[in-house]
Amino acid sequence: MHARIKEHLTSVLMRLQDAGELPSGDLPTIDVILAKQPEHGDFATNIAFKLAPLARRSPAQIGERLVAAIGDGDGLFSSVEFARPGFINFRIATAHWFSVLGEIAARGAQFGTSDAGAGQRVLLEFVSANPTGPLHVGHGRGAVVGDVLGNLMQAAGYHVEREYYVNDVGNQIRLLARSLYFRYAQLLGREIELPENHYQGEYVIEIAQRFREAHGDGQLDVDADALPPLFRAFIVDDILADIRDDLGRFGIGFDRWYQEHELYDSKWVERVLDKLRTEGLLYDEDGKMKYRVSQFDPNEADRVVIRDNGVPTYFASDIAYHDEKFARGFDTLINIWGADHHGYIGRVRAALTGLGHDASKLEILLVQFVNLVRGAEQVSMSTRSGQFVTLREVVDEVGADATRYFFLMRKMDAQMDFDLELAKKRSLENPVFYAQYGHARLCTMLKRGAEGGHQPAAFNSELAGLLTLPEELDIVKRLWRFSDVIAQCAAARETHPLVFYISELIKVFHGYFTRYKHTEKVISEDAAKTAARLHLCVALRTVLANGLALLGVSAPEWMEPPAETEEE
RNA sequence: GCGCCUGUAGCUCAGCUGGAUAGAGCAACGGACUUCUAAUCCGUAGGUCAGAGGUUCGAGUCCUCUCAGGCGUGCCA
């Protein structure tokens with residue numbers, strides 16, 4: 001609807017320019033906002049303020065002139081009014097509002113999608129947790145946000161590929177493999193301590209047991225410092241399979257799992273470093289090879305890419321990885337990182353600039369920490385100490401729907417408390433049930449209607465005349481916004497506006513339902529009204545179901561009422 | 001020290017990218033059930049938008065500074 005009003009305004013302004021009433025040249029951008037107060041109509045624009053200095057007239061003079069020129073917008077508006085000090089308020093004709101019902105009926109599960117993204121190719125990299133242990137709750141937040149952002153961008157017409165980058169090379173992996181070796185040795189009765197900086201988690205012991213089952217007892221006799229690839233490959237594969245499984249149970253999948261070692265196998269790291277070297281961007285310092293990052297960003301220090309022992313740093317493979325992403329020709333690269341990685345952003349961007357890439361194509365979204373709380377008790381998390389609550393434990397305890405919803409409710413760049421007790425509650429305090437219950441209620445109503453011989457009306461122009469309650473018009477207006485909300489989420493790379501939209505939409509329905517349960521019931525003796533209202537219910541259910549699907553939250557058709565608390 | 005994020009009702013958070021009188025949910029209080037599911041709804045109360053300057057027709061939103069909390073500032077990832 002915003003777009004239609006803007007189009008109309010643009011043509012009016014151009015007409016006035018041609019007539020010499022407005023100065024020629026570029027027009028200011030037209031903002032159309034939703035009116036907050038009913039007396040301001042449905043929409044408002046501030047264009048008169050913006051034109052005033054250009055036309056050297058007061059906003060009031062311009063506003064009045066514009067109102068006259070806009071007229072009724074070829075029937076789109078039922079009223080257009082000027083309001084001091086310089087707003088123009090629009091009221092949309094009822095028939096136009098109701099036309100959205102036809103669109104919903106025609107498009108069904110596709111309603112809400114748009115081509116706002118114009119088919120731009122986007123690589124969305126998220127989670128990318130190191131395969132050194134199970135996913136914890138913080139990973140879960142990034143996973144859900146990334147997954148849903150991908151859904152939203154796809155719905156808004158972007159072409160999205162999802163990727164998980166696996167750091168399967170490097171010192172942490174070496175420590176991990178050594179941890180497996182030590183645990184394996186302990187299983188075989190060797191009296192050795194697991195060194196302090198190694199991975200202490202219980203899961204390593206379990207993996208050691210599986211390793212023993214797979215490879216027997218004969219693998220002890222190796223140099224622990226030069227671990228055979230057997231240990232490394234085994235534990236990485238084992239943990240990765242676990243991660244994949246956790247994410248799968250959480251409804252999250254990837255188009256590609258990009259393994260760091262591929263960059264070495266394909267010599268991509270080598271080639272990137274060669275390129276930097278020939279361009280004079282590397283220099284030797286005490287035997288280490290450093291990248292002149294500071295040349296491209298004065299706030300950044302030069303960084304080591306090859307250690308003095310000849311082993312490349314993670315920075316080296318990260319440069320190669322992003323260089324490889326650019327080579328794949330995406331329009332936009334989005335990385336979702338944990339907030340603790342933010343110090344890394346500057347150097348990666350600077351490094352890519354140095355390679356001649358347009359670093360502005362790389363967007364790095366930081367997901368802030370999750371503070372896990374159980375009632376009043378804090379639960380701290382640290383992978384290496386081995387004490388943390390895994391994502392799997394949380395999902396098993398509170399369910400995937402509630403977990404997802406809680407992560408999606410908040411903007412990603414704010415830290416959040418995740419209260420396990422609250423997420424588990426099947427009560428008003430828990431917003432996920434509120435939305436799901438709305439969907440279930442709609443389904444029940446449609447079923448009841450069918451049992452009484454009522455079918456939803458097909459879309460027709462009579463609906464506006466039958467759905468005359470204020471709440472019914474309110475619902476229709478809100479349905480109109482759905483695809484805008486999705487496009488807005490996609491453009492802003494945010495998920496929470498959709499969550500808020502859904503809960504506000506369903507709130508209006510709950511209010512409508514309860515208010516009229518004794519007077520204007522949906523299913524009544526009036527067959528025409530009943531059919532029209534059922535049509536509205538189908539539309540509402542469609543939008544709700546589409547919205548929940550984008551969030552990856554289930555839309556149940558029935559929810560069991562809570563057990564009555566029996567009194568003895 | 002420097003950099004990033006955050007600061008809005010008692011609590012948890014929105015605020016449509018600068019618009020008109022700052023909104024929800026929970027908690028509190030008062031109401032509505034022979035129910036198209038009361039897991040619902042209606043009403044009341046609750047605010048120095050952390051603070052101070054600035055930009056302009058107009059600031060919770062943009063700029064500067066201060067305060068508070070979190071995170072980062074490695075040849076760790």
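Only a predicted model underlies this, so the values are computations on that prediction, with no experimental measurement involved. Reminder, nothing fancy here: chain letters follow the sequence lines and each chain counts from 1.
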Do any side-chain nitrogens or oxygens of A/Arg307 fall under 4.0 Å of OP1 or OP2 in B/rC76?
yes

Taking atom types as they are modelled, would you say the side chain of A/Gln37 forms a donor-acceptor pair with the base of B/rU21 within the 3.5 Å cutoff?
yes

With the side chain of A/Arg448 defined as its heavy atoms from C-beta on, choose the nearest nucleotide among B/rC36, B/rG15, B/rA20.
B/rC36

Could you tell me the separation between the CG atom of A/Asn130 and the CD1 atom of A/Ile173, rounded to the nearest 0.5 Å?
6.0 Å

With respect to the phosphate group of B/rC41, does any side-chain polar atom (N or O) of A/Tyr434 fall under 4.0 Å of OP1 or OP2?
yes

Could you please name the partner base of B/rC41, counting Watson-Crick and G-U wobble pairs only when both distances are under 3.5 Å?
B/rG31

Ranking A/Ala440 and A/Arg84 by the position along RNA chain B of their nearest nucleotide, the one closer to 5' is A/Arg84

Hey, does the side chain of A/Lys507 come within less than 4.0 Å of B/rG25's phosphate (OP1/OP2), counting only N and O?
yes

Got a donor-acceptor pair under 3.5 Å from the side chain of A/Asn46 to the base of B/rA20?
no

Is the A/Phe43 ring parallel, tilted or perpendicular to the A/His2 ring (thresholds 30°, 60°)?
perpendicular

Checking all strands, does A/Phe315 fall into the base, sugar-phosphate, or nothing category for heavy-atom contacts under 4.0 angstrom?
nothing

Could you tell me how far B/rG19 sits from B/rC65 if I compare only their C1' atoms? Round to whole Å.
27 Å

Among B/rC16, B/rC75, B/rC36, find the nucleotide with the atom closest to the side chain of A/Asp308.
B/rC75

Which one, B/rU17, B/rG7, B/rC76, comes nearest to the side chain of A/Lys411?
B/rG7

Indicate, yes or no, whether a donor-acceptor pair under 3.5 Å links the base of B/rG72 to the side chain of A/Asp340.
no

Counter-base of B/rU73, judged by Watson-Crick or G-U geometry with both distances under 3.5 Å:
B/rG1

Quiz item: A/His342 side-chain donor-acceptor pair to B/rG3 base, under 3.5 Å:
yes

Please state the C1' separation for the pair B/rG31 and B/rA68 - nearest whole angstrom.
42 Å

What nucleotide, of B/rC13, B/rG19, B/rC16, holds the atom closest to the side chain of A/Phe87?
B/rG19

